[in-house]
Every structure is written in structure tokens, then in C-alpha cells.
Number of protein chains: 2
Amino acid sequence: MSTDLLTDESCGLRERKKRETRRALNLAALDLVEEKGFAAVTTEEIAARAGVSARTFFNYFPSKEAAVIGTTAEELESYAAALEQDVEGETPLESLRRILAGMLAPASIDRELRARRRRILLGEPSLAPALVGNNIRIENALTGALERRLGVQSGASLEARLTVAVAIAAVRACIEHQQNGGSGRLERNIDQAFDRIAAGLR
Amino acid sequence: MSTDLLTDESCGLRERKKRETRRALNLAALDLVEEKGFAAVTTEEIAARAGVSARTFFNYFPSKEAAVIGTTAEELESYAAALEQDVEGETPLESLRRILAGMLAPASIDRELRARRRRILLGEPSLAPALVGNNIRIENALTGALERRLGVQSGASLEARLTVAVAIAAVRACIEHQQNGGSGRLERNIDQAFDRIAAGLR
DNA sequence: CGCCGAAAGTGCAGTGACTGCAAAATTGCA
DNA sequence: TGCAATTTTGCAGTCACTGCACTTTCGGCG
């Protein structure tokens with residue numbers, strides 16, 4: 001159920017309603033983009049479908065793009081926490097492969113929503129710049145987590161940021177490759193890409 | 001001299017004036033961003049300083065960001081051509097290192113302009129999303145070139161796109177690292193990053 | 001040299017993203 | 001129940017960006 005994320009933490013009515021509103025705005029945005037395409041959707045429409053005023057929209061998202069993408073700070077923290085945890089016999093790159101693949105794969109609970117998101121976001125080329133912009137946030141969160149896992153000071157060594165940036169780039173390359181009609185399944189290509197990176201590129 | 005790029009090809013007055021106007025808009029944008037910061041600059045100001053109407057601005061650049069960044073199709077083609085050329089004893093990754101490093105380094109002619117560009121663009125965090133968005137264009141151009149160099153059909157294999165994406169990500173990681181007060185010189189870090197990628201990440 | 005078609009520049013009106021501000025509604029707590 | 005903090009909302013305003021129609025400028029050709 002959707003109650004999973006909506007009830008667990010800080011169950012004040014206030015916090016719950018904020019989560020609901022945020023989610024409603026994100027879903028409304030996805031609906032409308034699927035119906036009419038990103039360019040033809042206005043922030044007013046999104047707000048109206050979510051049942052809030054046009055002004056309130058911008059209390060939740062800084063831009064139309066952000067509302068469609070809808071990445072929450074909680075998601076970011078959860079991925080970061082997963083990477084920070086040192087799993088037995090897994091290199092940082094292997095952890096990143098697992099976590100980033102998990103971000104794309106329809107997960108246990110949200111199956112439909114995740115698949116929908118993926119289909120809509122990747123089907124809109126005009127969102128590509130916003131998506132790579134969003135990757136900056138992910139990269140920063142994951143870099144911090146990896147630095148903690150490796151026990152180095154933030155920004156001290158290049159290694160953590162380089163590993164994260166390359167891993168994200170690999171996933172993005174596979175997505176682009178697929179969008180351009182490239183061969184192979186996405187998941188399989190991601191596996192191959194990480195194998196090559198681990199083996200060393202030429 | 002600036003006549004280098006302005007007179008060599010298709011010397012009609014028309015083409016020359018277009019190049020001049022484009023350049024004037026880009027320089028005006030850089031000036032103003034340096035003076036007041038990106039957010040405080042309007043497209044009208046840029047157009048006024050370049051001596052054209054506000055409407056004409058958008059005949060040259062699709063957005064305010066694009067005017068500041070100012071990457072031309074010619075530059076893209078030139079980098080692509082450099083990568084397409086198969087240099088004796090150089091792997092694709094080594095060619096990419098050389099070419100991408102060359103994009104950052106103050107070149108033979110444009111020394112001041114290049115340095116200025118670099119300083120202004122990297123000094124404006126609000127431009128980061130636009131910069132990574134611009135990287136998509138670079139990635140596509142370089143991917144096509146590498147595919148031709150390797151003699152594979154466009155989009156057929158993942159290898160070309162993966163190599164290019166990882167190389168660009170490496171450079172970007174080094175830039176971010178430096179912006180966050182990280183250790184080391186940029187050029188040196190880029191060398192190290194490519195060495196690690198060639199050796200295989202863990 | 002002068003004319004004509006094409007390309008580029010410009011003004012105008014309009015849409016829509018986004019912001020600051022202050023008032024109104026809602027919620028948490030005593 | 002009443003007060004304080006938080007959230008929602010309306011309003012006015014700025015500015016990026018677009019389509020359209022009109023003018024200006026350029027390049028070629030008789």
C-alpha cells in the first residue's frame with residue numbers, strides 16, 4: 001500500500017499531508033505529461049489536478065521539470081545509506097552497479113509506478129537536460145556516502161567522486177544507447193558496461 | 001587575431017556578420033555574467049550590449065544559458081573530426097583524454113578568452129545543469145565520431161558511447177572535485193583519472 | 001547600375017514559468 | 001478553547017521565450 005511511506009515516520013497530520021500533496025503533484029505531472037507531452041503541460045494544470053493552488057505548486061517543486069522527475073530527498077538518502085554500508089566482498093563499483101540498477105528496476109512495492117515513471121521520463125527527450133541535471137544531486141549524495149564508507153575526508157581524494165561519476169555515466173550511456181535503438185536489453189547492457197569498466201577501458 | 005575564424009570560410013558578408021553577431025552576443029553574455037552573476041543578467045541586456053534587438057538574440061541562441069556557454073556547431077565538428085582520426089598507437093580513451101584536456105586548456109590562439117570562459121562558467125554553480133545538458137551534445141558528436149573511427153554502425157555497439165560517456169564523466173568529476181576544494185591541479189587529476197579508468201575501477 | 005528574391009533583423013503581442021509579499025486558513029500544543 | 005507556528009493562497013510583477021508580420025539588408029543577374 002501507499003501507506004508504507006506515508007505513515008512510518010513523524011506521523012503528524014502536517015507531515016503526512018505534505019507527503020500526500022507532494023506525491024499528488026508528482027502523479028498529476030506524470031499523468032499530464034503522458035497525456036499531452038511535457039511542453040504542453042502547464043504548472044497550473046498540474047496544481048489543479050493535484051487539488052492545490054498554482055502558487056502552492058512552487059512550495060513543493062522549484063520547477064515544472066522537478067515535479068515530473070519527483071526525486072525526493074528521502075530517496076537520495078536511502079540510496080546513499082545503501083552505498084555507505086560496506087557489503088562483504090563487494091567493491092564500491094559493484095555496490096554502485098547493484099544500487100543504480102535497483103533505481104531503474106521496478107522494485108518490490110511500487111512496480112507500476114516505477115515502470116510508469118521510467119517509461120514517461122525516458123520517452124520525453126525534452127526532459128534529458130533536466131534528468132542529467134538531476135543526476136548531479138544523485139552524484140553528490142552518493143559521493144558523500146562512498147567517502148564515508150572509504151573513511152576519507154570529504155573532497156580529499158578524487159577516487160570516490162570519480163567512481164560514482166563513471167558509474168552514473170555508464171548507466172546513462174546504456175539508456176541513451178537504448179533510446180537510439182541500440183541493441184540488447186537495458187539490464188544486460190548495464191552488466192556488460194560495468195564489466196568493461198572494471199576490466200579497464202581502452 | 002579574431003580574423004582567424006571570421007574570414008577563412010564562405011567569406012560572404014552575410015556569413016561574416018552572422019559570426020560576428022554570434023560572437024558579440026557570447027562575449028556580452030560573459031561580460032555581464034562576470035559583472036552581475038548569471039541570475040541578474042537579462043537577455044535584453046545581452047542583446048543591447050551586443051548591439052542587436054532583443055528578438056534577434058533568440059535567432060542566435062535558444063536560451064540565455066546557451067548564449068553564455070556559447071558552444072558552436074563548428075567547435076563540435078572540430079572535436080569530432082579530431083577523435084575520428086586514428087592516431088598511431090593511441091587507444092580511443094587516450095585520444096579522448098587528449099581532446100577533452102585540450103578543450104579545457106587555454107589553446108594557442110584564444111588564450112585569454114578560453115581562460116575567461118572557463119573561469120566564468122565554472123564560477124557559476126547555477127550554470128551547472130546547463131553545462132551538463134550541453135555535455136549531451138558533445139557526447140553525441142564524439143560518439144558518432146568514435147563509431148566511424150571504429151568502423152561500426154551507428155548505435156550498433158555500446159562500446160563507443162560508453163567510452164565517450166565515461167571519459168566526459170571523468171573530466172566532469174575532476175572539475176567538481178576542484179570546485180569542492182579538492183586537492184591537486186586539474187590537469188594532473190585528469191591524467192590520474194584516465195589512468196585509473198584504463199587500469200579498471202573497483 | 002539597378003532590380004529582385006532570399007535571408008536576416010525587428011517590433012508587437014502573447015503565453016507561461018517563477019518570485020515576493022501579505023492575508024487567510026490550518027494545525028500543533030498548552 | 002485559544003495562541004503560535006506553519007502552510008495555503010491570491011495578487012502583482014518580472015522575465016524567458018515564441019509566432020507573426022513587416023522592414024531592412026545582402027547577393028546575384030540582367
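Just so it is clear: chains get the letters A, B, ... in the order the sequence lines come, proteins before strands, and each one is counted from 1.
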Quiz prompt | Donor-acceptor side-chain pairing of A:N134 and A:R137 below 3.5 angstrom | solution =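 Yes - a donor-acceptor pair under 3.5 Å links their side chains.
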Quiz prompt | Strand-adjacent residues in residues 30-50 of chain A, judged by heavy atoms under 4.0 Å from DNA chain C | solution = A:V41, A:T42, A:T43
Between [X] and [Y] (side chain of the first, backbone of the second, donor and acceptor by atom type, cut-off under 3.5 Å), is there such a pair?
{"X": "B:E124", "Y": "B:F38", "result": "yes"}
{"X": "A:R114", "Y": "A:A105", "result": "yes"}
{"X": "B:N135", "Y": "B:A165", "result": "no"}
{"X": "A:E147", "Y": "A:G155", "result": "yes"}

Quiz prompt | Student check: side-chain heavy atoms of A:E35 and A:L32 closer than 4.5 Å | solution =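 In contact.
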Please check the phosphate of [N] (OP1 and OP2 only) for any side-chain N or O of [X] closer than 4.0 Å.
{"X": "A:K17", "N": "C:dT27", "answer": "yes"}
{"X": "A:T56", "N": "D:dT8", "answer": "no"}
{"X": "B:Y60", "N": "C:dG9", "answer": "yes"}
{"X": "B:K18", "N": "C:dA8", "answer": "yes"}

Between atom [atom1] in [X] and atom [atom2] in [N], what is the gap in whole Å?
{"X": "B:E20", "N": "D:dC26", "atom1": "CD", "atom2": "P", "answer": "12 Å"}
{"X": "A:R16", "N": "C:dG28", "atom1": "CZ", "atom2": "C1'", "answer": "13 Å"}
{"X": "B:F58", "N": "D:dC17", "atom1": "CZ", "atom2": "P", "answer": "5 Å"}
{"X": "A:R22", "N": "D:dT7", "atom1": "CZ", "atom2": "P", "answer": "13 Å"}
{"X": "A:R19", "N": "C:dT27", "atom1": "CZ", "atom2": "P", "answer": "17 Å"}
{"X": "B:N59", "N": "D:dT25", "atom1": "CG", "atom2": "P", "answer": "16 Å"}
{"X": "A:E65", "N": "C:dA17", "atom1": "CD", "atom2": "P", "answer": "9 Å"}

Considering only [options], which nucleotide approaches the side chain of [X] most closely?
{"X": "A:R55", "options": "C:dG11, C:dC18, C:dC21", "answer": "C:dC21"}
{"X": "A:T21", "options": "C:dG9, D:dT8, C:dC18", "answer": "D:dT8"}
{"X": "B:R14", "options": "D:dG19, C:dA8, C:dA17", "answer": "C:dA8"}
{"X": "B:S63", "options": "D:dT9, C:dG9, D:dC17", "answer": "D:dC17"}

Quiz item: Which sits closer to the 5' end of DNA chain C, A:F57 or B:G51, going by the nucleotide each is nearest to?
Solution: B:G51
Self-check item: Lys/Arg N to Asp/Glu carboxylate O, A:D110 vs A:R116, below 4.0 Å
Solution: no
